[in-house]
Structures are given as structure tokens and as C-alpha cells.
Amino acid sequence: MSRSYKIALILKSRNSLPVYEDLSRLSDAELDAQVRSMVRRMRTNESNVIARLVLRRPTFSLN
């Protein structure tokens, strides 16, 4: 991933980092760490993705 792509990814996310720091001044290691932590948070918060899944066959629940 290029540096500009990582910065664009952070800017498009709901990350509050751009409010507090200038992303162009971050080192490559700091930028990588921010992207990794953002991806980790996205993976742990998959509930909204699951809620948008389309059911292929009609199902029902007895709960």
C-alpha cells in the first residue's frame, strides 16, 4: 500500500487522528501502525456488515 493510499484510507474512515495530528508528518512505521489498528477495529466490529447480509433462502427462528 502506498503512503498516499494509507493517508486517504485514514481520512475516509471515522478515525479522529487527522483532527489531532498532521498525517503527512507521521513516519512510515507510525502510519502502518495506524492502518493496522484501524483494520483490526473494523474486523472486530463486523456486526453492521452481518446485519446487511442478504439471506439466500427464507429462514425462520424459534427464539
Side-chain angles (χ1 to χ4, degrees):
M1 235 188 276
S2 69
R3 182 175 175 82
S4 60
Y5 183 75
K6 290 176 189 175
I7 291 174
L9 190 64
I10 291 173
L11 288 174
K12 287 181 183 178
S13 72
R14 292 183 178 181
N15 197 338
S16 60
L17 182 68
V19 175
Y20 300 109
E21 289 195 37
D22 183 13
L23 296 178
S24 62
R25 292 185 181 182
L26 289 178
S27 69
D28 288 339
E30 290 172 326
L31 200 58
D32 285 339
Q34 289 296 327
V35 170
R36 274 195 303 273
S37 69
M38 187 177 66
V39 170
R40 189 178 323 114
R41 285 193 308 269
M42 286 169 39
R43 283 184 183 150
T44 58
N45 188 15
E46 293 179 342
S47 59
N48 53 352
V49 174
I50 293 170
R52 288 182 291 187
L53 289 177
V54 176
L55 297 176
R56 297 295 176 212
R57 289 180 284 154
T59 60
F60 64 93
S61 175
L62 298 176
N63 290 341

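Keep in mind that the numbers below use all heavy atoms, side chains included, and drop hydrogens, waters and symmetry copies. Because the structure is predicted, anything quoted here is derived from the model rather than measured.
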Applying side chain to side chain contact (heavy atoms under 4.5 Å, CB included) to Ser2 and not counting sequence neighbours gives Ser4, Tyr5

dist Gln34:CD -> Leu26:CG (nearest 0.5 Å) comes out at 7.0 Å

Taking atom CZ of Arg25 and atom CG of Leu31, what is their separation to the nearest 0.5 Å? 15.0 Å

How long is the gap from CG on Asp28 to NZ on Lys6, to the nearest 0.5 Å? 6.5 Å

